[in-house]
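First the structure, in the form of structure tokens, and then the observations on it.
Quick caveat, the model's predicted, so the values are computed rather than measured. FYI, side chains are in, hydrogens and waters are out, and symmetry mates aren't considered; it's all heavy atoms of this structure.
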Amino acid sequence: MRSYRDLFRTPEFTPFFLAASAQTVAQTMGGLALGTLVYRATESPLLSAVSMFGSSLVQVLGATFLLSAADRLPPRAALTALPLLFAAATAALALPGLPVWGLFAIVLAKGLAQSVGGGVRWGLLNEILSKDGYLLGRSVFNMMSGLMQIAGYVTGGALVALLSPRLSLLAAAALYLVAAVVVRLGLTRRPPRTTGRPSVSATWRANALLWSSPPRRQVYLALWIPNGLVVGCESLYVSYAPDSAGTLFACAALGMLAGDVLVGRVLPPRLRPRLGFPLLLLLAVPYVPFLLHPALPLAAAAVTLASVGFGASLVQQERLVALTPDELSGHALGLHSAGMLTMQGVAASLAGSLAQLTSPAGAMTAMAVASAGVTLLLTVAGKREQPRAVEVR
């Protein structure tokens with residue numbers, strides 16, 4: 001599979017893609033609206049950041065106890081039920097008078113369901129396209145994510161400014177319903193990839209098997225930690241620039257789009273493996289000068305440049321798929337997604353706490369420095385692992 005045209009000629013890819021697009025717009029609109037709603041009510045950078053990314057915190061619970069369901073549920077049924085659940089949860093967030101603790105309870109419950117959804121979705125993508133088309137397909141999904149995030153943040157920002165955060169949340173709930181309808185009508189019924197019932201023990205066994213391989217461990221750490229810390233920077237956009245957060249989020253999505261095009265279509269396959277760690281450094285370094293509190297145009301340019309580095313995840317995902325047996329593809333990709341989102345939630349909480357003690361700008365710089373430091377450590381560890389692999393052979 002060599003071109004985007006080939007992807008959209010593949011049966012089921014187009015409705016799968018359209019449903020994911022609607023969910024991405026819904027998620028970005030809902031996240032911005034909820035973050036704004038909480039910040040207006042509490043004036044707390046920490047609570048605002050956690051409200052936007054807090055659902056990621058419970059992903060680790062899903063990865064620990066529920067992830068075996070990713071390969072043991074019928075994909076169409078699961079991907080229809082989840083957006084319906086998200087629609088109900090998002091509509092509930094818009095209820096007037098709902099206390100802050102109630103908002104967070106709904107956000108965390110939603111995150112628990114998302115931990116399984118990632119494995120189901122990306123396992124199905126690998127099934128529709130096969131391993132040779134996965135990277136190209138995932139690059140298209142990442143590009144879509146960038147474009148839909150731009151659309152979602154622009155639309156959500158306009159709705160929040162012109163109407164109210166609660167109306168923006170209701171619009172997001174409606175988009176989740178659209179996604180559920182598209183999945184139900186556009187995908188065919190498929191059996192689960194693995195037999196047996198989902199269970200905690202099955203989840204633990206598969207996690208242990210995936211984690212037992214040193215090359216897979218390194219890939220997971222590179223997928224989870226550096227970009228998670230940078231998402232901590234992103235979680236402070238609302239408190240850093242309350243009136244322009246939508247602009248910064250849209251610029252981040254634009255940079256992510258550029259990075260996915262670069263890795264997915266421009267770079268030749270022989271160069272991609274060499275650029276994984278340099279792209280992770282690019283992801284962090286432009287945030288370091290935020291300590292000086294740059295004006296909005298400079299901040300937007302830095303955010304756009306940094307987000308090109310998110311293209312590193314495509315390099316690492318391609319390697320993860322190559323290292324994983326087919327019957328565990330959904331579980332492996334779900335573990336990547338759950339671990340990544342968990343780290344994002346942890347980083348958002350850490351960044352919000354630092355911002356409470358210092359300032360949003362200072363916290364963004366600290367998170368960027370930490371991300372760059374972890375990337376350098378992983379680079380050194382990877383170079384040490386290569387001679388050992390040669391010796392084993």
Exercise for review: Test Glu12 against Arg190 for salt bridge (Lys or Arg N to Asp or Glu O under 4.0 Å), laying out the working first.
Suggested key: CA-CA 12 Å; Glu12 298 186 83; Arg190 291 170 179 260; 2.6 Å; yes

Review point. For Leu323 and Arg319, what are the C-alpha separation, side-chain angles and deciding distance, and is it a side chain to side chain contact (heavy atoms under 4.5 Å, CB included)?
Key: CA-CA 6 Å; Leu323 291 169; Arg319 179 159 171 74; 3.8 Å; yes

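- Note that the CZ atom of Arg184 and the CZ atom of Arg189 stand 9.0 Å from one another [nearest 0.5 Å].
- Expressed to the nearest 0.5 Å, how far CG of Leu37 lies from OG of Ser164 amounts to 8.5 Å.
- Of the possible donor and acceptor atoms, one in the side chain of Arg216 sits under 3.5 Å from a partner among the backbone N and O of Leu209.
- Under the 4.5 Å side-chain heavy-atom criterion for ILVMFWY residues, a single connected hydrophobic cluster contains both Ile128 and Phe8.
- Across every non-hydrogen atom of Val263 and Gly311, the tightest pair is CG2-O, 3.6 Å.
- Side-chain contact between Leu236 and Ser239 is present, with heavy atoms from C-beta onward closer than 4.5 Å.
- Cluster annotation: Val238 is connected to Leu296 through the hydrophobic network of ILVMFWY side chains, with a link wherever side-chain heavy atoms come within less than 4.5 Å.
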Practice item. Could you check Leu124 against Leu187 for side chain to side chain contact (heavy atoms under 4.5 Å, CB included), going step by step and ending with a plain yes or no? Key: CA-CA 11 Å; Leu124 179 58; Leu187 298 184; 4.0 Å; yes

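- A distance-only check finds no donor-acceptor pair linking the side chain of Thr90 to the backbone of Ala173 [under 3.5 Å].
- The side-chain heavy atoms of Arg217 and Trp211, taken from C-beta on, include a pair separated by under 4.5 Å.
- Heavy atoms only, all atoms of each residue included: Ala332 and Leu210 are closest at CA-CD1, 3.7 Å.
- For the pair Leu98 and Ile106, the minimum side-chain heavy-atom distance is below 4.5 Å.
- Note that the OH atom of Tyr39 and the OG1 atom of Thr36 stand 10.5 Å from one another [nearest 0.5 Å].
- Across all non-hydrogen atoms, the minimal contact from Leu223 to Met340 is O-CG, 4.0 Å.
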Practice item. Just do the side chain to side chain contact (heavy atoms under 4.5 Å, CB included) check on Met343 and Leu229 with the steps written out, would you? Key: CA-CA 7 Å; Met343 186 60 206; Leu229 292 168; 3.7 Å; yes

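- Tracing side-chain contacts under 4.5 Å through hydrophobic residues (I, L, V, M, F, W, Y), one reaches Leu18 starting from Phe141; they form part of the same cluster.
- At least one side-chain heavy atom of Arg121 sits less than 4.5 Å from a side-chain heavy atom of Gln23.
- The shortest side-chain heavy-atom distance between Met364 and Leu291 does not fall under the 4.5 Å cut-off.
- Each ring-ring contact (aromatic ring centres under 6.0 Å, His included) pair with one or both residues in residues 291-312, not counting sequence neighbours, appears once here: Tyr240-His293.
- The shortest non-hydrogen separation linking Ala302 to Phe290 is CB-CE1, 3.8 Å.
- Hydrophobic cluster membership differs between Tyr287 and Val285, with clusters built from Ile, Leu, Val, Met, Phe, Trp and Tyr side chains linked at under 4.5 angstrom.
- Ser307 places a side-chain N or O within 3.5 Å of a backbone atom of Val303 that can act as its donor or acceptor partner.
- Looking at every heavy atom in both residues, Val182 comes nearest to Pro15 through CG1-O, 3.4 Å.
- Leu169 and Ala33 make their closest contact through CG-CB, 4.0 Å (heavy atoms, listed as atom of the first residue, atom of the second, distance).
- Side chain of Ser359 to backbone of Ala355: no donor-acceptor contact under 3.5 angstrom is found.
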**Study point:** Candidate pair Gln316 and Leu221, rule side chain to side chain contact (heavy atoms under 4.5 Å, CB included), full reasoning
**Key:** CA-CA 10 Å; Gln316 293 145 2; Leu221 292 174; over 6 Å; no

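- In this structure, the separation between OG on Ser168 and CG on Leu34 is 10.0 Å, given to the nearest 0.5 Å.
- Residue Leu281 shares its hydrophobic cluster (ILVMFWY side chains chained together at separations under 4.5 Å) with Leu376.
- Taking the six-membered ring for Trp, Phe13 and Phe16 have ring centres at least 6.0 Å apart.
- Counting only heavy atoms from C-beta outward, the side chains of Pro165 and Arg40 approach each other to under 4.5 Å.
- For the atom pair Ile225 CD1 and Thr375 OG1, the distance stands at 9.5 Å (nearest 0.5 Å).
- Residues Leu175 and Met29 form a side-chain contact, since some pair of their non-hydrogen atoms from C-beta on lies under 4.5 Å apart.
- Val25 and Val178 fall within a single hydrophobic cluster, where Ile, Leu, Val, Met, Phe, Trp and Tyr side chains are chained together by heavy-atom contacts under 4.5 Å.
- The line from CD of Gln218 to OG1 of Thr379 is 8.5 Å long, rounded to the nearest 0.5 Å.
- Contact of the Tyr176 side chain with the Leu82 side chain is not registered, since no non-hydrogen atoms from C-beta on lie closer than 4.5 Å.
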Could you pull out every donor-acceptor pair under 3.5 Å between side chains of residues 244-259 and any protein atom, sequence neighbours left out?
none

